Every structure is written in structure tokens, then in C-alpha cells.
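Structure first, commentary second.
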Amino acid sequence: KNSLILALDVLSRDKALELTEQLVDHFDAIKVGYPLILHAGLGIVEEISSISPVIADLKIADTPNTNRLICEAVLGAGADAIIAQAFPGKDSLVACADCAESFGADLFVVTEMSHPGAEQFMAPLAERMARLAVESGASGVVAPATRPERIRMIRSIIGDKLIISPGVGAQGGSAGEALQAGADYLIVGRSVYGSADPVAQAKELAAQVEQSRRSN
Ligand code: BMP
């Protein structure tokens with residue numbers, strides 16, 4: 001569609017469903033995480049997944065067995081993809097990958113996060129996280145639009161696996177630069193759902209994606 005994923009970090013079921021209905025045609029998937037699930041309950045995953053593909057962003061980071069239990073819960077509720085942290089190690093990540101495979105779902109692995117603090121511990125380990133993602137059988141990784149040069153580096157490690165990239169808009173990242181650096185999908189939250197006209201914002205982003213594709 002538009003290479004766009006909506007980060008739906010709103011706090012009520014009604015708002016989430018209203019935005020999903022409004023924006024479903026403009027986004028390839030809707031990312032749902034702790035803020036919405038903790039407020040609205042896991043049922044929101046099932047409801048949104050009947051309208052749009054859902055990426056469950058629980059940044060799963062536990063022992064292999066607990067990872068599996070979390071994956072089964074959220075994929076059982078209808079999510080099409082999960083996001084996990086790499087730092088608990090290969091066995092934990094493989095537990096997520098195996099569970100995702102058994103549901104026919106995708107696994108995305110965080111390499112390095114988009115906020116400034118990620119430079120402290122995550123960035124120095126990002127290359128290893130990316131390699132681990134590939135070895136574990138993930139569909140792709142999460143890499144920061146706020147640091148396009150890091151997307152480029154991650155791309156050189158993961159080959160043709162997918163890169164989904166948050167940090168565009170509210171965190172200062174540029175859609176065009178992230179795409180030029182090798183992102184496959186942009187993850188965008190506040191600058192769309194927090195706008196007075198979310199549909200207009202989505203169209204503006206789609207135009208930026210289109211422009212970036214043309215200049216390639
Ligand atoms: P926003 O565009 O409002 O900053 O939203 C970005 C979304 O991506 C949020 O849901 C955030 O938790 C998530 N995210 C991120 O911003 N950086 C990362 O490195 C990983 C994320 O999942």
C-alpha cells in the first residue's frame with residue numbers, strides 16, 4: 001500500500017476503533033502496544049485485526065517459555081506480527097520465531113531504538129542484534145528513522161529482510177531519509193493520531209513516500 005504503519009498509542013477502545021476505521025486505507029498495518037492494550041484489554045487486538053493487519057508491539061523480552069506464552073496470547077488474539085527484543089538472547093528470540101511461524105505470523109526484532117538514550121547501550125550492540133534477528137528466523141527488524149545512517153548499516157547486515165522504522169514526525173525523523181537509507185515501512189504515531197486531521201496527515205505521508213520512490 002503506502003509503506004506506512006500506524007502506531008496507535010491511544011488509550012481508549014472507541015478512539016482506537018474510530019481511528020482504525022478512518023485510517024485503514026492509508027496504512028499497511030496498525031501497531032498496537034502496551035498503552036492501548038493495557039487500557040482497552042487484549043480484545044482490542046481482535047477487534048482491530050478484523051479491520052487491518054495488526055503488529056503487536058509488546059517488545060517481548062523474557063525467558064523462552066514466557067516469551068512463548070506471551071506470543072501465543074497475542075497471536076491467538078489475532079495479531080499478524082509480534083515485536084521482540086534481541087538482548088535476552090538467541091533461545092528467547094527463537095521461541096518467538098517458532099511461535100510466530102506456528103501462527104503464520106511475522107516476527108520483528110528491535111536492533112536499536114529511536115530515542116536518544118538508545119545510544120547508551122543499544123547502539124553499540126545493534127549489529128549483533130541484527131545478526132541474531134537473521135539467525136533466529138525473524139521476518140525483519142525495527143531500526144530508527146531518527147538515525148538513517150544506522151538503518152543503512154543494519155540493511156548491510158540483514159540483506160533483504162524487512163526494516164520497519166519508527167521515529168518519523170514527532171521524534172524528528174524524516175520519512176524520505178529513512179526510506180532512502182533502506183527502511184521498508186515507516187511507523188508513525190503521534191504526528192498522525194494526534195493531528196486535528198489524521199487523514200490529511202496520512203495523505204501527506206503517503207505523498208512523501210511516493211516522492212521518495214520516484215526519486216529512487
Ligand atoms: P511516535 O510517532 O508517536 O513517536 O510513535 C512511535 C511508535 O514507535 C511508538 O509506539 C513507540 O513506542 C514505537 N517505537 C519507537 O518510537 N522507537 C523504537 O525504537 C521502537 C518502537 O517500537
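Owing to the predicted nature of the structure, the values given are computational and were not obtained by experimental measurement. Just follow the structure's listing: the first ligand is 1, and inside any ligand the first atom is 1.
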Is the number of heavy atoms from other residues, nucleotides or ligands within 6.0 Å of CG (Asp160) greater than 12?
-> no
For ligand 1, run through the N/O pairs with the protein that fall under 3.5 Å and put one pair on each line.
residue  : atom   : partner : partner atom : Å
ligand 1 : 2 (O)  : Gly189  : N            : 2.9
ligand 1 : 3 (O)  : Arg190  : N            : 2.7
ligand 1 : 3 (O)  : Arg190  : NE           : 2.8
ligand 1 : 4 (O)  : Gln171  : NE2          : 2.8
ligand 1 : 4 (O)  : Arg190  : NH2          : 2.8
ligand 1 : 10 (O) : Asp9    : OD2          : 2.6
ligand 1 : 10 (O) : Lys31   : NZ           : 2.7
ligand 1 : 16 (O) : Ser114  : OG           : 3.4
ligand 1 : 16 (O) : Gln171  : NE2          : 2.7
ligand 1 : 17 (N) : Ser114  : OG           : 2.6
ligand 1 : 19 (O) : Ser114  : N            : 2.8
ligand 1 : 22 (O) : Asp57   : OD2          : 3.2
ligand 1 : 22 (O) : Lys59   : NZ           : 2.7

For Glu47, all residues meeting side chain to side chain donor-acceptor pair (under 3.5 Å), sequence neighbours excluded = Arg13
Using side chain to side chain donor-acceptor pair (under 3.5 Å) as the criterion, list what pairs up with Gln171, not counting sequence neighbours.
-> Ser114
Salt bridge flag under 4.0 Å for residues Lys31 and Asp57 | yes
Contacts of Ser195 that satisfy side chain to side chain donor-acceptor pair (under 3.5 Å) - sequence neighbours left out = none
Result for side-chain contact (heavy atoms from CB on, under 4.5 Å) between Tyr193 and one of Val188, Leu23, Leu19 points to Leu19
